[in-house]
There are 2 protein chains.
Amino acid sequence: MNKYDLIVQDIKQDISLGTYPAYSRLPSVAQLCQQYEVSKITINKALEVLEQQGLIFRRKGSGTFVKKLEEGTQIRPSKEVSGQMEGFMAEHTARGERVKSIVYTFEVQHPSEYIAKALDISPEDFVYRIVRVRIVDDVSQVIEYTYMPIGLIPNLKMKHLEHSIYAYIENTLELRIANAHRVIRAVMPTTLEAERLSITPNEPLLEVEQIGYIDDGRAFEYSVARHAHGYEFMTISMH
Amino acid sequence: MNKYDLIVQDIKQDISLGTYPAYSRLPSVAQLCQQYEVSKITINKALEVLEQQGLIFRRKGSGTFVKKLEEGTQIRPSKEVSGQMEGFMAEHTARGERVKSIVYTFEVQHPSEYIAKALDISPEDFVYRIVRVRIVDDVSQVIEYTYMPIGLIPNLKMKHLEHSIYAYIENTLELRIANAHRVIRAVMPTTLEAERLSITPNEPLLEVEQIGYIDDGRAFEYSVARHAHGYEFMTISMH
DNA sequence: AAGTGGTCTAGACCACTTC
DNA sequence: AAGTGGTCTAGACCACTTC
């Protein structure tokens, strides 16, 4: 673990315990350097992470302050702001929820031109096509259409789909998932989707189209997830 | 302008001109240090920015590589990944589009308890309540419900609403907008909204609920924007 | 004038990949 | 063994705010 990550965790804890209450000033960078026995750059990196997670704000010449948290915001011990890249399973089981999956489709086919482009492969390569509904605490939450190149993700089995594909990729294949590009839209469900999600056909869905990348830059996943039941996507943006 | 920002701009240009094509390796950090006559930390910071914008990826022990851009992705010369915090007006006029606003409501009132909490003010303070429809190239794109504390944003006038509130805040009031917390959902329009947006009542909208902050940590804006016509919200997340 | 955070340097050491 | 990016140090200088 890096020094700055440890400092991030420590300051996070101090904020969540109320040692540093909302609007209070953190010790100055110089003081934090002394306290943690590190150099200025290490403190700076830690504060940068905390700022990007929306927990503090920094004012040149003035100091670093604890942000007032909005109602219902939880300080996460993990690195993620809103649990984006952990995978569906990890995110929900971490909250103590029961997750099930119904797999409607699991086949291998040639990708459409659009998907081939997104994954940066040839239309003559093969991809898995997976259709799953994810069920959290007995409520159908989301229907996912996932495409993955078999060349990159070999030997994918039904049992992985029923649990976590991400765990298979990271633990068994030992690939490191790096980041994802997402496009978010509002859509209406098709008749089939409404049926599979047990919703009325006039409930809008939040569609998240995603291309996931591993750390060597290759796209390992193109997916479209359509979330029901007022699913919320949270994000923090810097000016 | 910082050194690293200049390097970011320069490398961006080299990528968009094809000097560094997709999948090619950038010069090593050491080489870039020589080339730009800066230290390693400066190059690192520049590459960090480019990575967060999704233009490159870095592999320890291996090098820094140009990412394959998805179809339709534009490299922006500005700092923003997806133009989140520039304000609606600036974002669209930058693209050469004509932007108009219809102001339906412009009044001062006490905030609801929920909005008072979001803005971290008392329910006895006053806020502007603004309802606007934004029209881009003669198409109604979005209806916005905006609440701002009059204590923080004094003397707001109709002419600002018709153009850019952000410009008024940054240029006239000289407040610096720092960041925003957003929650995104899919919703259906009300009958009134469908009318004002000139859409059918069964077209889903992308709702973006936002709290905007200035650089001293105070919330200057609570707003709910409901976007029509398949508006897309784009984001990049790191693992 | 004193304190603050932001940027930057020259250099060190490390884990990792193999250009 | 050589090259790579990532982290970290001790210290400098700067713009900014006034703790």
Side-chain angles (χ1 to χ4, degrees), chain A residues 1-11 20-52 55-67 79 174-176 178-179 214-218 238-239, chain B residues 1-11 20-52 55-67 79 174-176 178-179 214-218 238-239:
Chain A
M1 180 77 88
N2 300 325
K3 284 193 184 179
Y4 70 77
D5 275 328
L6 292 168
I7 296 170
V8 165
Q9 283 184 15
D10 199 64
I11 294 179
Y20 300 139
Y23 298 120
S24 67
R25 211 180 69 196
L26 290 189
S28 72
V29 172
Q31 286 171 319
L32 289 170
C33 287
Q34 282 205 325
Q35 185 179 324
Y36 288 104
E37 295 181 309
V38 296
S39 77
K40 210 173 159 182
I41 272 184
T42 306
I43 292 298
N44 220 283
K45 181 79 181 171
L47 296 181
E48 196 180 305
V49 172
L50 288 166
E51 188 175 40
Q52 286 207 350
L55 294 173
I56 61 167
F57 57 95
R58 300 186 280 178
R59 279 195 92 188
K60 185 190 284 196
S62 179
T64 302
F65 301 86
V66 178
K67 223 169 175 170
K79 292 186 186 175
E174 292 185 332
L175 298 174
R176 271 153 300 175
N179 56 47
I214 56 176
D215 75 341
D216 66 2
R218 284 181 291 175
M238 298 289 160
H239 196 39
Chain B
M1 183 77 88
N2 301 324
K3 284 192 183 177
Y4 70 77
D5 275 328
L6 292 167
I7 296 169
V8 166
Q9 282 183 16
D10 199 63
I11 294 179
Y20 300 139
Y23 300 118
S24 67
R25 210 180 70 195
L26 290 189
S28 72
V29 172
Q31 286 171 319
L32 289 169
C33 287
Q34 282 205 327
Q35 186 178 325
Y36 288 105
E37 295 181 309
V38 297
S39 75
K40 210 172 162 184
I41 272 183
T42 305
I43 292 298
N44 219 284
K45 180 78 181 173
L47 295 181
E48 196 180 303
V49 172
L50 289 165
E51 187 174 41
Q52 286 207 351
L55 294 173
I56 61 166
F57 56 95
R58 300 185 279 179
R59 280 194 93 187
K60 185 189 287 198
S62 179
T64 302
F65 301 85
V66 178
K67 223 168 174 170
K79 293 185 187 177
E174 292 185 331
L175 298 175
R176 272 153 299 176
N179 56 48
I214 54 175
D215 75 340
D216 66 1
R218 284 181 290 174
M238 298 289 160
H239 196 39

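Residue numbers start from 1 in every chain, and the chains themselves are labelled A, B, ... in the order their sequence lines are given, proteins ahead of strands.
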Among D/dC8, C/dT9, C/dT17, the nucleotide that comes nearest once only the side chain of B/S39 is considered | C/dT9
For the side chain of B/N44, starting at C-beta, report the closest nucleotide among C/dT9, D/dC19, D/dT7.
-> D/dT7
May I have the distance from A/L175 (atom CG) to C/dT17 (atom C1'), rounded to whole angstrom?
-> 16 Å
Within this structure, what is the CD1-to-P distance between B/I43 and D/dG5, rounded to whole angstrom?
-> 10 Å
Rounded distance (Å) that lies between atom P of D/dA2 and atom CD of B/Q31 = 17 Å
Tell me: CZ of B/F57 to P of D/dT4, nearest whole Å?
-> 16 Å
Closest to the side chain of B/R59, out of C/dC8, D/dT7, C/dT18, is C/dT18
Considering just the side-chain nitrogens and oxygens of A/K3, establish if one lies under 4.0 Å of OP1 or OP2 belonging to D/dT9.
-> yes
At what distance, to the nearest 0.5 angstrom, does CD of B/Q35 lie from CG of B/L26?
-> 9.5 Å
Rounded interatomic separation in angstrom, taking CG from B/L6 and P from C/dG6 | 19 Å
Nearest to the side chain of A/S62, which nucleotide is it out of D/dT18, C/dG5, C/dA10?
-> D/dT18
When you measure from the side chain of A/K60, which nucleotide among C/dG5, D/dT9, D/dT4 comes out closest?
-> C/dG5
CD1/B/I11 to CG/B/L50 distance, rounded to the nearest 0.5 angstrom?
-> 5.5 Å
From B/K45 atom NZ to B/I7 atom CD1, the distance as rounded to the nearest 0.5 Å | 12.5 Å
Round to the nearest Å and state the distance from A/K45 atom NZ to D/dC8 atom C1'.
-> 12 Å
Side chain of B/K40, base of D/dG6: donor and acceptor closer than 3.5 Å?
-> yes
Working to the nearest 0.5 Å, report the span between OH of B/Y4 and CG of B/N44.
-> 12.5 Å
Between B/G61 and A/G61, which is nearer to the 5' end of DNA chain D once each is assigned its nearest nucleotide?
-> B/G61
Result of checking A/Q52, A/K67, A/E51 against B/N179 for side-chain hydrogen bond (donor to acceptor under 3.5 Å, both in side chains) = A/K67
Side-chain N or O of B/Y4 closer than 4.0 Å to phosphate OP1/OP2 of C/dC8 | no
Ignoring backbone atoms, establish whether A/T42 has a side-chain N or O less than 4.0 Å from OP1 or OP2 of D/dT9.
-> yes
With a 3.5 angstrom cut-off on both distances, give the Watson-Crick or G-U wobble partner of C/dT17, or none if there isn't one.
-> D/dA2
Rounded interatomic separation in angstrom, taking CG from A/L26 and P from C/dT4 | 12 Å
Hey, does A/R58 reach any base, or is it just sugar-phosphate, or nothing, if we go heavy atoms under 4.0 Å?
-> sugar-phosphate
With sugar-phosphate meaning primed atoms plus P, OP1 and OP2, does A/E37 contact a base, only sugar-phosphate, or nothing at under 4.0 Å between heavy atoms?
-> sugar-phosphate
Write down the distance between CG (A/D216) and C1' (D/dG5), rounded to a whole number of angstrom.
-> 15 Å
Shortest side-chain distance from B/T64, nucleotide among D/dC8, D/dG5, C/dT7 = D/dG5
Nearest-0.5 Å distance that lies between atom OH in A/Y23 and atom CZ in A/F57 | 7.5 Å
